Undergrad: 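Shown below is the structure under consideration.
In each ligand, atom 1 is the first atom listed, and ligand 1 is the first ligand listed. Since we're looking at a predicted model, the values are computed, not measured.
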Amino acid sequence: MKLRPAAVLAAFAAAAVLSAATVPARARNGMVVSQNFLATQAGIEALWDGGNAVDAAVATAFALAVTHPAAGNVGGGGFLLYRPPKGEAAAYDFRETAPAGASATMFLRDGKYDPERHHNGYLSVGVPGTVAGLHMAWKAHGKLPWRRLLGPAITLAREGFMVTDGLARSLKEVLADMKSYPASIAQFSRAGQPYEMGDVLKQPDLARTLERIADKGPAGFYEGETAALVEKEMKAHGGLVTRADLAAYRAVRRAPVRGTYRGYEVLSMPPISSGGAALVEMLNVLEGYDLKERGFGGAAAVHVVAEAMRRAFADRARYMGDPAFNPGLAAVVERLTSKEYAQELRRTIRDDRASKSSPGAFSWPAESAQTTHVSVVDDARGAASLTYTLEEGYGAKIVVPGAGFLLNDEMGDFNAGPGLTDDKGLIGTEPNLAAPGKRMLSSMTPAILSRDGELFMVVGSPGGRTIINTVLLTILNVVDFGMNVQQAIDAPRFHHQWLPDRIQYERFGLSPDTAALLRAKGHELRETDTQGVAQAIVYDAKNKVLEGGCDRRAPDGAAIGR
Ligand code: GLY
């Protein structure tokens, strides 16, 4: 499919608003929100062509792999949550897996932890899941032909698209980290010189890989030429991912984590994401407090929300890992997400004083903030909430020569090595150690809320561990504080993750008075830059209107539709 030039130009306005005249009459309803306007355009056109929320999410995701290379991907992994207009919701897990050659000690060199092996270079690459997961969700629910969904991405990769100011800055920043990888430099610079805003970025190798996926489905990625190119690059540089690993990769359909909050039904991602369980646990705790009465941004509200965050993150650390390797996790999740457990936790929260996080033998590893989220609602009020990632921005920074896509460095989300827990942020606990075929723990939290059977809200965000709290706060802003969805996204955010024991808050996000009151309760505070890039849609069932919220913390995003 050729992208309509007029549509491309219109989309260059940061928040594209399409007039009714340009919207095909057959499909006036439906909305797509993503971190790149061209990808949003690809998604909304799938809706206008009669596709449903899964079709649009898949088209948007493939387009993001071209236009938002920092996190959009075919070489990474993620989660897609789908709530159909009728019937059972489903959660698609396409998290990367450790290759067959992986082991719990693979990030050690001469017996010592080597962060380079863990977070950079070829050993940090997990077996990608995105293509298998998008295909699995499409096969179960999609209405448009598979090839049609890849059309916009192929056109954007082959014919190119105009580099925005945001992309130019981002590529300029990452170029130095790509210097060891000639195919990456060739793809993302003009012979070593950074792209400028207004240049056209063409990715012909990526276009050919996308063509193979369009023609053959997952076999176009996990077998044949693409798999051979991946294996060749891995073998040449000591990487572990083989053709056999690629052929063995399977996405998994799971039952979503479920909860309720003030009359809303909440669906989110079960383990291997820690996000859904932690989100429901926090909402359950907070249901016992009148947040509205406490007041948005006031110390009384921030305190109690931070205490809920502290407790959910402690449980995340204690229990979460790949369910296939952690028998009994389903029962643990059931307890963590129960109202009874929330009541127990509330009894440990004092209104006048911050709790103290006790580290025991545990601390957090570093986790990247680069990931991206897509929210979609279709004409029939089916909803898709998709979060996917390469782990760090541009993943391992390695473009597969001849295949034109970036590899993830998701192995960094496994723990460092057995017993390596220390007070500097290393963690060596068992549930999330690397092992062949195992999925690494994630925080990605795609979520969908409904009320009385009617869709209400679709939301998600990037941000490493802060994802879970960004999604929580966006929901609280809408449900408790009555904000519209854009206000809910714009509102300042904060984050507590048990350890380190402090509230980190966005710059200017707490007034000096509020900060003083929180310190008086015993909270340590730390100002940070920005937190997350949420994309959300709220359905106003009374007026039958969709409201889109696109996060202005990052450039180039757009909500399109109505
Ligand atoms: N790599 C980010 C996450 O999975 O949470």
Undergrad: Closer than 3.5 angstrom, by distance alone: can the side chain of R117 be matched with the main-chain N or O of L108 as a donor-acceptor pair?
TA: yes
Undergrad: Any nitrogen or oxygen of E391, main chain or side chain, under 3.5 Å from a nitrogen or oxygen of ligand 1?
TA: yes
Undergrad: Just list the side-chain donor-acceptor pairs under 3.5 Å for residues 72-82, sequence neighbours left out, or say none.
TA:
unit_1: N73; atom_1: OD1; unit_2: G76; atom_2: N; d: 2.9
unit_1: N73; atom_1: OD1; unit_2: T130; atom_2: OG1; d: 2.5
unit_1: N73; atom_1: ND2; unit_2: A71; atom_2: O; d: 3.0
unit_1: N73; atom_1: ND2; unit_2: T389; atom_2: O; d: 3.3

Undergrad: Give a yes or no on whether R169 atom CZ has more than 12 heavy-atom contacts from other residues, nucleotides or ligands under 6.0 Å away.
TA: no
Undergrad: Between D245 and T242, is there a donor-acceptor pair closer than 3.5 Å when you use the side chain of the first and the backbone of the second?
TA: yes
Undergrad: Can you tell me if E410 has a non-hydrogen atom under 4.0 Å from ligand 1?
TA: yes
Undergrad: For D413, take its heavy atoms, then give the atoms of ligand 1 lying under 4.0 Å from any of them.
TA: 1 (N), 2 (C), 3 (C), 4 (O)
Undergrad: Which ligand 1 atoms are under 4.0 Å away from a heavy-atom of M444?
TA: 3 (C), 4 (O), 5 (O)
Undergrad: Check each atom of ligand 1 against the heavy atoms of S442 and keep those under 4.0 Å away; list them by number with element.
TA: 3 (C), 4 (O), 5 (O)
Undergrad: Ligand 1 versus R95, non-hydrogen atoms closer than 4.0 Å: side chain, backbone, both, neither?
TA: side chain
Undergrad: List for me each residue that meets side chain to side chain donor-acceptor pair (under 3.5 Å) alongside T40, sequence neighbours excluded, and say none if there are none.
TA: S34
